[in-house]
Amino acid sequence: MTAIDRDAAPASPWLSVWLKPRDTIGRVLATDPRRHVLLLAALGAIAGFVAELTKAGLVLQLLDWRLAAVVAVGGAICGILGLYIYTVCFRWSGLLLGGGASPVQIRAVLAWGGAPIIIGLAVCLIALAWLRLAGGTGAATPRMLTVMLEVVTLLLGLWSIVLTLLMLGRVQSFGFWRTIANGLLGSLLVLPLLAIPLVIRTFVVQPFNIPSGAMMPTLLVGDFLFVAKYPYGYTHYSLPFAPRLFAGRILASEPQRGDVVVFRLPKDDTTDYIKRVVGLPGDRIQMRAGLLHINEQPVGRERIDDFIDEDGGRSARVKRWRETLPNGVSYDTLDLQDNGFLDNTQVFTVPPGHFFMMGDNRDNSTDSRVLSQVGYVPFENIVGRAALLYFSVDRESGSQAIRLARIGTPVR
């Protein structure tokens with residue numbers, strides 16, 4: 001028997017996690033180091049997902065079984081994949097420092113190191129069950145619950161790190177400093193893998209969220225969407241922090257009328273806007289009595305069912321139109337008031353290399369019609385094309401309800 005096996009006692013590792021943390025791995029290896037490892041890894045990642053929802057103030061939405069199922073399945077997949085990735089990195093770094101722990105032992109360390117976080121998940125589920133039995137809460141209770149759960153998950157997360165390092169040092173037969181070095185070096189070996197999301201964000205898709213109602217009804221406040229970076233090629237705005245490493249556009253392809261695009265504001269290129277392209281270089285754009293004209297021709301427009309705007313919990317009916325551009329692209333627009341401030345404009349002639357952007361909420365959108373604030377948008381400032389909604393939460397009504405019906409819908 002190894003030294004670890006001799007020191008092991010039959011008591012449950014769940015008790016030693018708190019009372020004798022150094023003995024936890026001995027108790028695990030004395031029984032079966034493979035037992036429950038995948039389950040613990042899955043539960044640990046699920047607990048991490050729940051912690052992020054707690055920080056966002058959305059933990060109560062887990063009472064919806066559909067979101068709970070997504071969190072459970074997604075967390076399980078991420079947890080198991082992460083377990084094997086981190087095992088490889090921690091074992092390699094341990095070998096460099098003279099350690100001899102096997103992959104089975106490393107996996108046991110990492111899986112059981114998340115035991116305190118799993119306790120935090122249990123606490124969260126108990127709190128949610130209490131809320132369900134209470135039949136609802138006042139406005140202050142969810143905030144109080146959020147703060148309490150944040151404190152609990154923070155403390156348990158710190159203890160989880162300590163526990164993991166104690167167990168890692170035990171299986172590697174390391175002292176304090178070599179254990180710390182093993183942990184840091186192992187984490188550094190994971191960094192190249194963490195760079196994969198950065199590459200995807202730079203060259204493929206980037207997440208954005210909608211803070212205003214300027215693109216209603218196409219995009220609502222609280223929508224989260226992926227913006228495709230590749231359709232129009234790349235500029236220095238495609239890079240993280242937008243360093244001016246080069247000028248112009250690489251692999252350029254111009255947007256088409258009707259595309260919903262994210263662009264950097266010409267007046268302040270640190271600010272992202274999202275609007276619809278209605279004018280191409282050389283076009284003449286004008287609003288007449290609320291109707292869009294392109295090159296002196298009115299676009300097709302028909303009245304459809306009113307849009308129900310639930311801003312601040314108050315329902316209001318807003319006139320909605322189906323607009324069709326000359327290239328056949330159709331979308332809905334809102335008309336909040338007759339003879340609005342931007343319903344009648346001058347003729348705007350779009351300069352070469354620029355585009356004319358408008359919001360679908362025509363009376364509540366600061367866009368290219370306001371030359372002093374937005375104006376014509378240079379091709380170089382366009383970041384990408386809005387592609388897909390991946391999440392949506394109702395922030396205007398105050399309910400923080402998740403709009404499940406919008407998740408996974410394409411942006412058109």
Side-chain angles (χ1 to χ4, degrees), residues 45 48-49 51-53 55-58 74-75 77-78 81-82 85-86 89 157 183-212 214-215 219 221-255 259-277 353-355 357 359 366-367 373-393 395 407-408 410-411:
F49 279 27
E52 292 302 316
L53 288 173
K55 292 177 184 177
L58 300 175
I77 293 173
C78 292
L81 288 176
I85 291 172
Y86 273 91
C89 295
L184 292 176
L185 184 57
S187 299
L188 288 175
L189 290 175
V190 179
L191 287 180
L193 297 174
L194 298 180
I196 294 176
L198 180 62
V199 173
I200 293 175
R201 182 186 184 278
T202 301
F203 297 104
V204 186
V205 295
Q206 180 176 346
F208 287 87
N209 69 86
I210 304 301
S212 74
M215 279 296 293
L219 297 172
V221 175
D223 280 348
F224 292 76
L225 67 153
F226 288 123
V227 172
K229 305 289 282 291
Y230 54 87
Y232 311 130
Y234 306 96
T235 72
H236 72 277
Y237 292 115
S238 305
L239 305 174
F241 309 110
R244 295 184 178 275
L245 301 180
F246 61 94
R249 204 168 195 100
I250 300 173
L251 303 175
S253 178
E254 290 192 352
D259 288 356
V260 178
V261 303
V262 169
F263 59 92
R264 292 295 179 91
L265 190 64
K267 308 295 182 182
D268 175 13
D269 67 359
T270 63
T271 301
D272 293 307
Y273 266 36
I274 183 166
K275 304 291 179 185
R276 190 180 298 276
V277 178
H354 291 70
F355 295 84
M357 312 291 186
T366 301
D367 48 43
Q373 297 187 49
V374 181
Y376 310 109
V377 177
F379 187 22
E380 185 179 16
N381 285 47
I382 296 178
V383 175
R385 183 177 66 203
L388 184 76
L389 295 176
Y390 68 88
F391 190 68
S392 184
V393 59
R395 288 177 172 167
I407 297 176
V411 179

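- Residues P255 and I382 have side chains in contact (heavy-atom distance under 4.5 Å, counting atoms from C-beta outward).
- Of all heavy-atom pairs spanning S253 and F379, the tightest one is O-CZ, 3.6 Å.
- In this structure, CG on L389 lies 9.0 Å from CD1 on I407, to the nearest 0.5 angstrom.
- The nearest pair of heavy atoms linking C78 to A45 is C-CB, 4.4 Å.
- In this view, F208 satisfies the ring-ring contact (aromatic ring centres under 6.0 Å, His included) rule with no residue, not counting sequence neighbours.
- For the pair S392 and F224, the minimum side-chain heavy-atom distance is 4.5 Å or more.
- Counting heavy atoms from C-beta on, the side chains of P211 and V221 never come closer than 4.5 Å.
- Residue Y230 qualifies as open at atom OH: its count of foreign heavy atoms under 6.0 Å is 12 or below.
- The heavy-atom pair separating G384 from V227 by the smallest distance is C-CG1, 3.4 Å.
- For the pair K275 and A214, the tightest heavy-atom approach, listed with the atom from each and the gap, is NZ-CB, 3.3 Å.
- At distances below 3.5 Å, at least one donor-acceptor pair connects side-chain atoms of Y234 with backbone N or O atoms of F203.
- A cation-pi arrangement, defined by a distance under 6.0 Å to the six-membered ring centre and an angle within 45 degrees of its axis, is absent between R264 and Y273.
- At a threshold of 4.5 Å between non-hydrogen side-chain atoms, the residues L265 and D269 do not count as touching.
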Y376 vs F355, test: side-chain contact (heavy atoms from CB on, under 4.5 Å). Steps then yes/no.
CA-CA 6 Å; Y376 310 109; F355 295 84; over 6 Å; no
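- Looking only at side-chain heavy atoms (C-beta outward), R244 and Y237 come within less than 4.5 Å of each other.
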Starting from the C-alpha separation in whole Å, work towards a yes-or-no answer on salt bridge (charged side-chain N to carboxylate O under 4.0 Å, His left out) for D259 and R276.
CA-CA 6 Å; D259 288 356; R276 190 180 298 276; over 6 Å; no
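- Distance SG/C89 to CG/L191: 9.0 Å, rounded to 0.5 Å.
- Contact detail for V205 and A228: the closest heavy-atom pair is CG1-CA, 4.1 Å.
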Would you sort out whether V374 and F263 count as a side-chain contact (heavy atoms from CB on, under 4.5 Å), showing the intermediate values?
CA-CA 11 Å; V374 181; F263 59 92; 4.3 Å; yes
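- Atom CD of Q206 is separated from atom CD1 of I200 by 12.5 Å, given to the nearest 0.5 angstrom.
- You'll find the side chain of L225 reaches within 4.5 Å of the side chain of I274, heavy atoms only.
- The structure places CZ of F226 at 7.0 Å from CG of L388, a figure rounded to the nearest 0.5 Å.
- Contact annotation: the side chain of N381 approaches that of P378 to within less than 4.5 Å [non-hydrogen atoms, C-beta and beyond].
- A donor-acceptor pair under 3.5 Å is formed between the side chain of K229 and the backbone N or O of R201.
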Test side-chain contact (heavy atoms from CB on, under 4.5 Å) on F391 and N209 and set out the steps.
CA-CA 9 Å; F391 190 68; N209 69 86; over 6 Å; no
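- Counting only heavy atoms from C-beta outward, the side chains of M357 and V261 approach each other to under 4.5 Å.
- Contact record, T235 with R249: CG2-NH1, 2.9 Å, taken as the closest heavy-atom pair.
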